[in-house]
Amino acid sequence: MKWHKAISRVWILVFLLGACNNPYKSTKNSETDYYITPKPAQIDMTEGRFLVNGKTLVQGPESLANEGIFLASMLSMASGHGLEYGNETQEGGSHVITLRLDETIGHDEGYRLQVAYDGITISGKTPTGVFYGIQTLGQLLPIQSTDTGSKEITIPAVSIEDYPRFAYRGMMLDVARNFFPKKFIKQFIDLMAMHKMNRFHWHLTEDQGWRIEIKKYPKLTEVGAYRNGTIVGHHPGTANDNKRYGGFYTQDDIKEIVAYATSRHIEVIPEIELPGHSQAAIASYPELSCFPNEPTKVFNDMISDASRKLQSGRTPKIVQETWGVQHDVYCAGKEFTYEFLQGALDEVIPLFPSNYIHIGGDECPKDSWERCPNCQKRIKDEGLRDEHELQSYFVRRMEKYLNEKGKRIIGWDEILEGGLAPNATVMSWRGTKGGVEAAKQGHDVIMTPTSHCYFDYYQSEDKEHEPLAIGGYLPVQTVYAYEPMPSELTEDEQQFVLGAQGNVWTEYINTPDNVHYMTLPRMTALSEVVWSPKEAKDWDNFKKRLRPMVHRYETMGMRVAKHAIKE
Ligand code: ACM
Ligand code: ZN
């Protein structure tokens with residue numbers, strides 16, 4: 001007994017000496033050490049810093065291996081030491097970072113992060129919560145230097161309790177107007193994860209390009225993924241560049257990206273547009289049009305030489321080369337259209353674990369349907385009142401098909417016209433009216449009004465000194481000021497508002513650099529809108545935190561719009 005006591009005294013002494021010798025035990029930190037965006041629900045800053053060096057252990061259960069490996073790799077990059085995740089659970093010791101699941105945490109995506117000079121613990125109710133704790137820890141690390149040598153880095157002591165305000169925290173990227181390579185999509189996903197955004201809405205099909213391989217319909221990518229030219233300048237353009245342009249993702253590419261996103265707790269929601277914005281599919285399979293022999297119109301005759309030649313021969317349908325709303329849409333009368341879309345969706349469904357498939361539904365002019373005998377017959381046979389009800393029939397029929405396959409649909413707010421499909425979620429983009437109406441009808445809603453969420457709009461009124469954009473004016477202050485919960489809704493109705501989403505439409509955004517410029521820092525602001533408690537919102541405080549964040553982005557090689565921090 002005595003012998004044991006003596007040993008334990010020696011250990012206590014060694015431990016205390018060790019602690020006293022730790023030069024970081026009582027380091028005083030300042031507010032600037034704790035610049036985290038989105039702002040956590042609760043943050044208590046304390047004294048001391050945790051030292052990351054070659055002895056640091058990252059440990060936790062096997063069930064958190066995905067998160068642990070992510071953290072070990074993040075710390076290895078920051079420190080230059082090759083750290084690994086181990087699932088032994090060593091108690092104590094001054095070099096241990098522990099991940100754990102904790103049932104007592106009140107929110108599925110919530111986490112608790114405790115950093116002390118002698119240890120770090122990240123707890124979450126689920127692996128997602130733990131992942132968000134890791135993302136917060138990432139923002140407490142020094143901004144990466146390009147120096148890759150090993151170094152000692154320290155993390156300020158803190159106690160954080162955090163959880164999101166909204167369940168749906170989305171970003172949409174249009175890869176159809178302009179195509180973006182797999183590597184860039186992964187970087188975009190990383191950027192989202194860094195800000196705890198959790199839904200990647202991937203706009204994959206458009207008039208100007210079909211971007212997802214469908215084996216049953218190979219022409220969708222052989223023909224539909226390429227256009228013969230693109231207008232120059234703002235719509236209607238000054239000329240056509242006459243450059244063949246395009247690209248697509250193979251099903252293997254899609255699987256790789258979905259797996260990448262999943263490991264970062266981001267759900268990928270594919271959008272397969274119908275019944276409008278479908279000219280790339282029509283160019284591939286002209287029977288999908290009400291009028292397969294009518295040439296595709298390019299507004300103001302801004303057509304490429306190659307397409308003009310095709311149209312003077314026997315190829316009237318081409319992949320669209322200008323922007324805007326097109327009148328040649330899927331025929332809602334022919335059975336072939338539904339067979340085609342079901343066949344395409346049969347291949348889309350297994351690629352995406354998400355419960356949702358976005359079916360578009362926006363901007364579908366009805367004039368082709370008005371003069372199409374097949375569409376008019378469908379209206380008559382189904383006892384529909386008009387073309388709006390025909391669109392509703394189209395969407396309901398696709399919804400039924402997808403529901404039977406275990407998927408739910410999301411559609412832009414036009415799907416309200418002619419009557420909502422029974423289980424549809426509405427994305428409110430033309431203001432908030434559609435969202436309010438859908439919530440009042442008991443449907444889930446995602447808010448993405450042009451006024452606050454369209455990141456293709458200009459960020460400055462000095463448009464001449466900005467990259468060409470679609471129009472509008474949406475500075476980061478306005479994004480930050482957004483309140484997604486419409487005041488018109490009762491408490492019961494508010495539960496249908498799942499969250500909000502920023503949209504990056506890419507008619508005028510044709511390089512990764514430009515996507516970054518248009519997204520940053522507007523996405524940074526939106527992340528706080530959807531994550532942080534409403535009461536925590538404070539523009540001046542956000543702006544203070546934005547400066548180092550911009551520095552962080554720039555160190556990562558990204559171009560950022562800096563209007564807000566120039567003031
Ligand atoms: C949209 O911006 N047409 C949804
Ligand atoms: Zn038709």
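Atoms within each ligand, like the ligands themselves, are counted from 1 in listed order.
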*Minimum-distance pair of heavy atoms, taken over all atoms of Gln279 and Asp207*: N-OD1, 3.0 Å
*Nearest atoms (heavy-atom pairs only) where Pro484 meets Arg165*: CD-NH1, 4.3 Å
*Looking only at protein heavy atoms, which one is nearest to atom 2 (O) of ligand 1, and how far off is it?*
Tyr454 OH, 2.6 Å
*Only one of Tyr168, Tyr356, Trp412 passes ring-ring contact (aromatic ring centres under 6.0 Å, His included) with His201; say which it is.*
Trp412
_Check for me whether the distance between the ring centres of Tyr226 and Trp210 falls short of 6.0 Å._
no
*Any idea which protein heavy atom is nearest atom 3 (N) of ligand 1, and the distance to it?*
Asp362 OD2, 2.6 Å
*asked:* Does ligand 1 come near enough to His277 that some N or O of the ligand is less than 3.5 Å from an N or O of the residue?
replied: no
*Quick one: do the His195 and Thr37 side chains pair a donor with an acceptor below 3.5 Å?*
no
*Between Gln208 and Arg227, does any side-chain donor sit less than 3.5 Å from a side-chain acceptor?*
no
_Ring center gap for Tyr338 and Phe394 short of 6.0 angstrom_ = yes
*Are a donor atom and an acceptor atom from the side chains of Lys196 and Gln135 found within less than 3.5 Å of each other?*
no
*Under a 4.0 Å heavy-atom limit, does Met427 contact ligand 1 with its side chain, its backbone, both, or neither?*
neither
_At less than 4.0 angstrom from any non-hydrogen atom of Glu363, what atoms of ligand 1 do you find?_
3 (N)
*Those atoms of ligand 1 less than 4.0 Å from some heavy atom in Trp505*: 1 (C), 2 (O), 4 (C)
*Which atoms of the protein, restricted to N, O or S, are nearer than 2.8 Å to the Zn ion (ligand 2)?*
Cys290 SG, Cys331 SG, Cys372 SG, Cys375 SG
*Would one find an N or O of Trp429, backbone or side chain, under 3.5 Å from an N or O of ligand 1?*
no
*Tell me whether the centres of the aromatic rings in Tyr457 and Tyr473 are closer together than 6.0 Å.*
no
